[in-house]
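Everything on this sheet refers to the single structure shown next.
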Amino acid sequence: MIASFEDGQIVLTDSYQYKDFIKSKLFDPKWKKERKAWIVPCTKDNITRLEKIGCVVGKEIIDYGNKQYEHIMEATKEKMASESVEIEPMPIKVKPYQHQIKGYNIACKLMNLFKKE
């Protein structure tokens, strides 16, 4: 099986003998008939499972998966925090409530809108 990286997703070709594994063990697989390939999201879990069955996963895929995992962990920390401080000023005129600040920060971290200093 060959794994390549395109548009934030893993493309699996030459994967006929692994089709049952892909359908049952990987998150959100989609079969693309015209390409004769499976498309799966580039998540840390999918990468780990592919590596365990011997699929060669390139550095580009691993780096992207790790970066996505870091964003999710930052958002989780924000979600678990008792008090939130705005990353950037919210585009509203009134003073936001704590749950609004928390939601805004989580969305910004998941979408990587503001760069870290």
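Hydrogens, waters and symmetry mates play no part in the numbers below; they use all other heavy atoms, side chains included.
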Inset, instruction - Following the transitive rule for hydrophobic clusters with a side-chain heavy-atom cut-off under 4.5 Å over Ile, Leu, Val, Met, Phe, Trp and Tyr, establish whether I101 and V94 coincide in one cluster. - result: yes

Inset, instruction - Report the residues that fulfil side-chain hydrogen bond (donor to acceptor under 3.5 Å, both in side chains) with K59, sequence neighbours left out, ordered by chain and then residue number. - result: D63

Legend entry - Residue pair P96 / E86: nearest heavy atoms and the distance that separates them: CG-OE2, 4.0 Å

Inset, instruction - Grab the two heavy atoms, one from C42 and one from G65, that are nearest each other, plus how far apart they are. - result: SG-N, 3.9 Å

Legend entry - Partner set under salt bridge (Lys or Arg N to Asp or Glu O under 4.0 Å) for K93, not counting sequence neighbours: none

Inset, instruction - Give me the other members of the hydrophobic cluster that I22 sits in, counting Ile, Leu, Val, Met, Phe, Trp and Tyr linked by side-chain heavy atoms under 4.5 Å, directly or via other members. - result: M1, F5, I10, L12, Y18, F21, L26, W31, W38, V40, I47, L50, I53, V57, I61, I62, Y64

Inset, instruction - Can you tell me which residue pairs pass the side-chain hydrogen bond (donor to acceptor under 3.5 Å, both in side chains) test with a partner in residues 76-85, sequence neighbours excluded? - result: E78-S84, E78-N105, E78-K109

Inset, instruction - Quick one: name the residues clustered hydrophobically with V11, using the 4.5 Å side-chain heavy-atom rule over I, L, V, M, F, W, Y, and just say none if it's on its own. - result: I39

Inset, instruction - With sequence neighbours excluded, give me every side-chain hydrogen bond (donor to acceptor under 3.5 Å, both in side chains) pair touching residues 6-16. - result: E6-R35

Inset, instruction - Could you list all the salt bridge (charged side-chain N to carboxylate O under 4.0 Å, His left out) pairs where at least one residue sits in residues 42-55, not counting sequence neighbours? - result: none

Inset, instruction - State, to 0.1 Å, how close C108 and I87 come at their nearest heavy-atom pair, and which atoms those are. - result: CB-CD1, 4.4 Å

Legend entry - Pairs involving residues 43-63, ordered by first then second residue, that meet ring-ring contact (aromatic ring centres under 6.0 Å, His included) (sequence neighbours left out): none

Inset, instruction - Return the set of residues passing salt bridge (Lys or Arg N to Asp or Glu O under 4.0 Å) with D20 (not counting sequence neighbours), or none when no residue passes. - result: none

Inset, instruction - Share the residues that join I106 in a hydrophobic cluster, the rule being Ile, Leu, Val, Met, Phe, Trp or Tyr side chains under 4.5 Å apart at the heavy-atom level. - result: I72, L110

